[in-house]
Amino acid sequence: MTGDQCILALDISEHLFHLTTECLRLRSNETKRYQTLEGLLADRMGLPCVLEDHAPETIREHLSAIPTTGDIRIDLTITKSSADSLDAVKQLISDGLGSEITLGDTLSLMLFHYVVGQKAARVLQRIGLECSHDGPGIAAASKDAPADNVVPLR
């Protein structure tokens with residue numbers, strides 16, 4: 001481990017563990033390469049925050065449905081800049097919700113946002129719209145389609 005990396009040790013719930021493994025499966029299938037949780041988090045940094053796509057009530061419902069703390073220990077080795085970004089996301093979400101969330105909650109919400117984006121991409125594919133894997137995970141309409149033909153999914 002170099003000086004620009006840090007290890008985050010989290011004790012997560014079985015529900016959150018299943019969310020992490022599902023996200024890694026989806027991301028690996030998307031990229032056609034085995035992925036790590038550290039890599040997925042690094043790829044998600046700098047993308048739109050979960051608050052931009054989901055109402056605070058939806059976020060609270062997710063945190064109630066998927067408990068964060070549990071008996072499963074995971075160690076994440078991430079760069080110092082990723083740790084700082086993760087902390088900034090944590091603070092942004094805490095401010096948006098009006099209550100303090102944990103680092104585990106932040107991880108859970110980032111993964112929730114990714115899974116929802118992947119499911120939206122599959123729905124758009126099924127109805128015949130092209131997907132863009134360059135974006136935050138939510139599929140975009142074809143660049144050839146006129147903007148007035150796009151119906152926002154909310």
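All values below were derived from every heavy atom in this structure, side-chain atoms included, with hydrogens, water molecules and symmetry-related copies excluded.
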Pair D43, Y114 - check side chain to side chain contact (heavy atoms under 4.5 Å, CB included), show working.
CA-CA 11 Å; D43 290 346; Y114 177 71; over 6 Å; no
Between V50 and F112, is the side chain to side chain contact (heavy atoms under 4.5 Å, CB included) condition met? List the steps.
CA-CA 8 Å; V50 66; F112 164 73; 4.2 Å; yes
Go through M110 and M45 one step at a time and tell me if the side chain to side chain contact (heavy atoms under 4.5 Å, CB included) criterion holds.
CA-CA 9 Å; M110 290 178 72; M45 294 297 171; 3.9 Å; yes
Would L41 and S82 satisfy side chain to side chain contact (heavy atoms under 4.5 Å, CB included), going step by step from the backbone distance to the final call?
CA-CA 8 Å; L41 289 175; S82 286; over 6 Å; no
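Two residues are said to be in side-chain contact when any heavy atoms from C-beta on lie closer than 4.5 Å; V89 and I93 meet this criterion. Side-chain contact check for H62 versus H54: every heavy-atom pair is 4.5 Å or farther apart. No side-chain heavy atom of K119 sits less than 4.5 Å from a side-chain heavy atom of V123. C6 has its side chain within reach of I78: a pair of non-hydrogen atoms, C-beta onward, lies under 4.5 Å apart.
Residues that satisfy the side-chain contact (heavy atoms from CB on, under 4.5 Å) test with D75, not counting sequence neighbours, are I7, A9, R73. Looking at residues two or more places apart in sequence or on another chain, you find a side-chain contact (heavy atoms from CB on, under 4.5 Å) between E100 and K90, Q91, S94.
The distance from atom CG of L24 to atom OG1 of T36, rounded to the nearest 0.5 Å, is 7.0 Å. The distance from atom CG of L10 to atom CD1 of I74, rounded to the nearest 0.5 Å, is 5.0 Å. A distance of 11.5 Å separates CG in L103 from CD1 in I12, rounded to the nearest 0.5 Å. The CG atom of L86 sits 7.5 Å away from the CG atom of L107 when rounded to the nearest 0.5 Å. The distance from atom OG1 of T20 to atom CG of L40, rounded to the nearest 0.5 Å, is 9.5 Å. Distance CZ/F17 to CG/D71: 13.0 Å, rounded to 0.5 Å.
There is a side-chain donor-acceptor pair under 3.5 Å between E14 and H18. T102 and D105 share a side-chain donor-acceptor pair at under 3.5 Å.
Nearest heavy atoms, G104 versus L16: O-CD2, 4.0 Å. In terms of heavy-atom proximity, A65 sits nearest to P67 at O-CD, 3.3 Å.
Counting only distance, with no hydrogens or angles, the side chain of S85 and the backbone of S81 share a donor-acceptor pair below 3.5 Å.
Within 6.0 Å of CD on E61 lie more than 12 heavy atoms contributed by other residues, nucleotides or ligands.
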